[in-house]
Structure formats: C-alpha cells, structure tokens
2 protein chains.
Amino acid sequence: MGGVRRTPQRTAVLETLGRCREFVSAQELHALLAGGGSAVGLTTVYRALRALDRAGLVDVVRDETGERLYLRRPTDEHRHYLICRRCGRSQPVDARDVEAWAERLGETTGFAELEHTLELSGVCRPCRRPTAATPNGAADAGR
Amino acid sequence: MGGVRRTPQRTAVLETLGRCREFVSAQELHALLAGGGSAVGLTTVYRALRALDRAGLVDVVRDETGERLYLRRPTDEHRHYLICRRCGRSQPVDARDVEAWAERLGETTGFAELEHTLELSGVCRPCRRPTAATPNGAADAGR
DNA sequence: ACACTAGATGAAAATGATTGTCAAGACCGA
DNA sequence: TCGGTCTTGACAATCATTTTCATCTAGTGT
Ligand SMILES: [Zn+2]
Ligand SMILES: [Zn+2]
Ligand SMILES: [Zn+2]
Ligand SMILES: [Zn+2]
C-alpha cells in the first residue's frame, strides 16, 4: 500500500526548481511552469513544494513579507543563506558555529526537539553604487 | 514640524503590551485592549506596533504560520528567544556568540547592512509528559 | 484662548499568500 | 484489465496585514 507516486507534475516542479539558481516563490515557480509548456496547477505547486520541504530536498526562507521562497538544496543537510535585499542574490554561508551553538542550547535550557531558522540579509557589493539616483544598472535581477 | 505625536491610543497600546509577559499578536493585543475599557482600532494597533518595532522597543518573532508576535523588550539591544511550540512560553537566550558571528559575516562576504533574524523553538520541560493522553494540566497557557 | 495643520484614527474594503474542498483523473499492483 | 488509492486543479475560503479616505486632534505658534 501507499507511497509517494511519481507524476509528471511533480517531476516538472522538481526539474524547474532545479533549474532556478536563486530562491523562488511558489507563485513564481507556478508562473515559470506555465511559461514553459508544462502547466501545473497552483495548488499542486504548493503541495509539491511542501512535500519537498518535508523530504528535506529544498531550503526555505521567508522574505520580509513572510512569503516563502524555495531553493533546491545541493547537499543533504540544511543550510543558511545570506540574501541581498536589493537584487535577491543568495549566498550560502558557513554556519557550523551556529549549528553547534544551537545544538548546545538544548542541554542548557531543558528544551527538547529544538528547531531553528536563521535569516540573513544585507546588500551585496554589486548592489552598492556611489550616490543613489542611478536606478541600479541591471535593474532588479530576479525576484 | 514633524514628530511622533503622543496619543491616548499609543499610550494604551504600549501599556497593555508592557503588561504582557509573553509574545502576543496584534490581533490578541487588540482584543486585550477592547476587553479592558480602552478600545483601539485594529489598524491603529498595527501601526503602533510597527512604530514600536522601528523604534526598537519591542522584539518581534514570527510563528510557524508567519504571524508576527510582539513582546516589549526590557533591554535596549535586540534579543533572541527560545519558544515552546506547545505552550508558547518564551525564554530569552544568550546569543552573544551568534551576534559576534553575524557581525563577522559582513567582513567575509562583502555584504553590507547585515540584518538577521533567528527563531528558536522547542518543547519546554513542563510540556514534556510521559505518554500523551493527558490534556496537559494547565491546558495551553496563553497563545 | 484660538486658529491652524501635520499627524493620527478607524471603519470598511482591498490585498495576497496559503489552505480547504471535492469531483474528476491518473498510477500501479494484483 | 480492474479498482482502490493517491493526485490533480479550479474555485472558494482563510486570515493577517495593508490601503483608503473621510474625520478628528495634539501641539505649535499667535
Ligand atoms: Zn544585490
Ligand atoms: Zn541551521
Ligand atoms: Zn511548553
Ligand atoms: Zn541577533
């Protein structure tokens, strides 16, 4: 009985997501899918992403509005990213120190089943230009 | 010209928030205010909380649904909290190591104006009872 | 005390991501 | 091939938060 079933929709979602080099929202992914032939229902995109999240195959961050953004994860352990508030570019950071710190937290606080989310943001070098004004060359690359 | 104006509504929001020992949502705060004589419009509660946030007078966390929760901050520097997923109890943690780590991140990555949010959750000791069943004594304290 | 105006209020409507519904369709083992 | 289970997707429903906009007011200057 039962198991996760292989369907063209899920395949499409995973493939399209895999092609994305930056974090994308469910809505954006849905649009991308619609654009490239394979139209998948928005509801299905949400469900697929949630499944991928549970399966640990994607990293999830929330932007300032609370919207969830997904990125296919290369490794098998969770990561944290530094994301540019201007252009959306993301860069994985080495957070092993934080991971260790978080782990230790369980022992010192008496809390169990610890979980953590760490959102890092800033302004990347390319996005930092002299005086303002300039509408930023490659205007808003991506999200 | 210009400035923040002192109004009874803002006073009420700040006072009521100050009385809360745990994180509360804007909606909850609005209900509390309505309960205790001073009725303040929901919109105003939202605006007041946003202002308090900008002023750095409150700590803000987002629960798993993305809803924002506020707690009046005792000190003048930001803090991180470990929050129980069962009862909502919160406990400030010493995150100086993480703060230092985050600070260093700017130098190594070239990103500027770094910001970070760190959400920690777990299950507190009182919420961990033998086998399930028992509806947990002080059933759901708070949120 | 009075007038004046940038700020502030709040009821109601809009927004927008996410989830629930449920009938119709597809996968896969027997 | 058959049937039960898992999936899909159009659409409606949620729900926190934001906009709108007409009305009010704190606070400054006269
Ligand atoms: Zn950038
Ligand atoms: Zn981590
Ligand atoms: Zn607890
Ligand atoms: Zn911090």
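Residue numbers start from 1 in every chain, and the chains themselves are labelled A, B, ... in the order their sequence lines are given, proteins ahead of strands.
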Rounded to whole angstrom units, what separation is found between the [atom1] atom of [X] and the [atom2] atom of [N]?
X        : N       : atom1 : atom2 : result
His30(A) : dT8(D)  : NE2   : P     : 13 Å
Glu28(A) : dT18(C) : CD    : P     : 11 Å
Asp63(B) : dA17(C) : CG    : P     : 19 Å
Leu49(B) : dA8(C)  : CG    : C1'   : 15 Å

[X] versus [Y], closest heavy-atom pair with distance:
X        : Y         : answer
His80(B) : Ala95(B)  : CD2-CB, 3.8 Å
Leu42(B) : Ala26(B)  : CD1-O, 4.4 Å
Asp94(A) : Trp101(B) : O-CZ2, 3.4 Å

Consider only side-chain N and O atoms of [X] and [Y], and report whether a donor and an acceptor are under 3.5 Å apart.
X        : Y        : value
Tyr46(A) : Gln27(A) : yes
Glu22(A) : Ser90(A) : yes
Tyr81(A) : Asp59(A) : yes

Exercise. Determine the sole option in Leu52(A), Leu33(A), Val45(A) for which the side chain to side chain contact (heavy atoms under 4.5 Å, CB included) test with Leu17(A) is passed.
Key: Leu52(A)

Quiz item: Along nucleotides 25-30 of chain C, 5' to 3', which nucleotides get a B, which get an S, and which get a -, given that the test is a protein heavy-atom distance under 4.0 Å?
Solution: -BB---

Quiz item: Once each nucleotide of nucleotides 11-22 of chain D is scored for protein heavy atoms under 4.0 Å, what B/S/- sequence comes out, 5' to 3'?
Solution: B----SBBB---

Exercise. Please state whether the phosphate of dG9(D), meaning OP1 or OP2, lies under 4.0 angstrom from any side-chain nitrogen or oxygen of Gln9(A).
Key: yes

Quiz prompt | Non-neighbouring partners of Arg62(B) that pass salt bridge (Lys or Arg N to Asp or Glu O under 4.0 Å), sequence neighbours left out | solution = none

